[in-house]
Amino acid sequence: MGAQSKHKIWMLKAAIHVICLGCIGWLYTAAAFDKLGADPVEYVIHYTGMGALHCLLLTLLVTPLAKGFKQAWLMQTRRLIGLYSFTFACLHILNFYFFELGQELSLFLSELIERPYITMGLGGFIILFLLAVTSPNIIKRRMKKRWQHLHNWVYLAAILIGVHFYWSVKSEIIEPTIYLLIIVVLLAFRRKKLLSFKRTKTSL
Amino acid sequence: VQRPLEYTKDTTNKEDLTPEAKVTSHNNFYEFGAQKHQPAELAQGFKVDPWQLTITGEVDAPLTLGYDELYSSFSLEERIYRLRCVEAWSMVVPWLGFPLASLIAKAKPNSKAKYVVFKTLYDPKQMPGQRNRRIGGGIDYPYVEGLTIAEAMNPLTLMSVGVYGKTLPPQNGAPIRLVVPWKYGFKSIKSVVSIELTEKQPKTTWNILAPHEYGFYANVNPNVDHPRWSQARERRITGGGLFSQKRIDTQLFNGYGEEVADLYTQLNLKKYY
């Protein structure tokens, strides 16, 4: 890899850190000072949920972009965006636990099981968690082939999280429908790969 | 533009009021956008004068109130009520208005009057949510709500024309709206143009849209969950930011059981949610 690519990677990664950390810092500062409208609890929950979804969609966009425009260096930023998706997802759940449920653990656990849309989201989160903890290079090397098998589960995570969003709204289904369509398009880029899972019956 | 109203004060309230800026900026009024901050932005040009509110149906003396008559036909009183949204947040709001019972009595209901049906104005030119399904959250308009005649005649049931000492701002349902404090907020229909007394139970907006989630009665009840979330607790909207938000237990009939529980002694509240 040339010095020019390394420089571009460094710049893009720095920009990702600045944007994501900036958003998180702004969010909680504004929330603490009651600058997020009437219901700061709803705001921080929605904002971090959308942050996780947006980062996840971006990670799924990286490969088609890198291939389509022959910009292999872009692949070097995918893990970082994925880790920010996991970070936003963690904040999303912590917001729900601390501010929506008032730190009631038993209620938190029962909501995870009783509410289908939350169960869907939890499924997506568990996958993101597994991908995040296996993201360091050293673990990737040790897992060998199994690493790629595990990380293919990101496609299922995207579907679960899209459905989680769709099932969470009262009647305003247009926005989550658009996101589900985007997920379908992003998965369509991988149709060969996804179809090969079916043929070879390897786990996703 | 809101103007001040004359009214008798409510001296019974002991709870902290939700700040006026939050009462008037956090609204579910899908006619002006399905996001809660949208009505305060999209409803500002809403024209409420002239207005006509008609009371028709199973009544001997149907009547129409014009804009000025909304404020002059009855003496206005302040009622500080808890408002519990079905989405599990709540406010404490100082409404101004008059009992719905006074209005209905004026129209002289006959013996067939079993239900009261309310309709919001249908005016897609003024209401972007009625023009555009994306803005309007995908519900069918006009918005329709209903009560049993006994619920409508209960002294707590209010027709509100003001809030915080002034006429209602458009996002809160100007010029006149219903307030039923022991029921989830979606029952308290805004910008009402028609009140019709009927023999049959009406089909109401949210009940049509998702009957397993929103019942006709919609009484606040911590023991009957919404299928997608718990109704046992609620977030009281207050000032003070994220770290001073209060989460409190939801009370049966939103704490108004003393006044309304006798309406439902024969009703299975789990079945008729």
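Naming convention: chains lettered A, B, ... in sequence-line order (proteins, then strands); numbering from 1 in each chain. Just so we're clear, the structure is a prediction, and the values are computed from it rather than from any experiment.
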Please step through side-chain contact (heavy atoms from CB on, under 4.5 Å) for the pair B:Y81 and B:L158, ending with a clear verdict. CA-CA 10 Å; B:Y81 283 157; B:L158 191 73; 4.2 Å; yes
Are [X] and [Y] side-chain neighbours, meaning at least one heavy-atom pair lies under 4.5 Å?
X: B:Q171; Y: B:Q44; value: yes
X: A:S85; Y: A:L128; value: yes
X: A:C90; Y: A:T48; value: no
X: B:L178; Y: B:L147; value: yes
X: B:R133; Y: B:D140; value: yes
X: B:Y164; Y: B:Q2; value: no
X: B:P222; Y: B:L252; value: yes
X: B:R79; Y: B:V179; value: no

Can you confirm whether [X] is buried at [atom1], in the sense that more than 12 heavy atoms of other residues, nucleotides or ligands lie under 6.0 Å from that atom?
X: B:N132; atom1: CG; answer: yes
X: B:R228; atom1: CZ; answer: yes
X: B:F243; atom1: CZ; answer: yes
X: A:R78; atom1: CZ; answer: no
X: A:K193; atom1: NZ; answer: yes

- Give me the ring orientation class for B:F29 and B:F32: parallel if the planes are under 30° apart, tilted from 30 to 60°, perpendicular past 60°. perpendicular
| said: Is the terminal nitrogen or CZ of B:K187 (NZ for Lys, CZ for Arg) located under 6.0 angstrom from the six-membered ring centre of B:Y217 and within 45° of that ring's axis? | reply: no
Would you call B:K183 and B:E151 a salt bridge, using N to O less than 4.0 angstrom? yes
Practice item. Salt-bridge test for B:E20 and B:K166: reply yes if a basic N is under 4.0 Å from a carboxylate O, no otherwise. Key: yes
Identify which part of [X] has an atom lying under 4.5 Å from any heavy atom of chain A, answering side chain, backbone, both or neither.
X: B:P19; answer: neither
X: B:E87; answer: side chain
X: B:W229; answer: both
X: B:N27; answer: neither
X: B:R235; answer: side chain
X: B:R233; answer: side chain
X: B:K36; answer: side chain

| request: Under the side chain to side chain donor-acceptor pair (under 3.5 Å) rule, what do B:Q231 and B:R84 come out as? Steps first, then yes or no, please. | output: CA-CA 10 Å; B:Q231 294 290 24; B:R84 171 62 158 78; 2.9 Å; yes
In short, B:G185 meets B:L83 closest at the heavy-atom pair CA-CD1, 4.3 Å
Which of [range] get closer than 4.5 angstrom to chain B, counting heavy atoms alone?
range: residues 49-62 of chain A; answer: none
range: residues 91-110 of chain A; answer: A:F99, A:E100, A:L101, A:G102, A:E104, A:L107
range: residues 170-185 of chain A; answer: A:K170, A:S171, A:E172, A:I174
range: residues 17-27 of chain A; answer: none

Whatever's closer than 4.5 Å to a heavy atom in chain B on A:V41 counts as both
Exercise. So, B:S191 side chain and B:A174 main chain: donor-acceptor pair closer than 3.5 Å or not?
Worked result: yes
Answer key: most heavy-atom pairs under 4.5 Å with chain A among B:A34, B:G138, B:S230 is B:S230
Chain A shares the most heavy-atom pairs under 4.5 Å, among B:D225, B:I139, B:T18, with B:D225
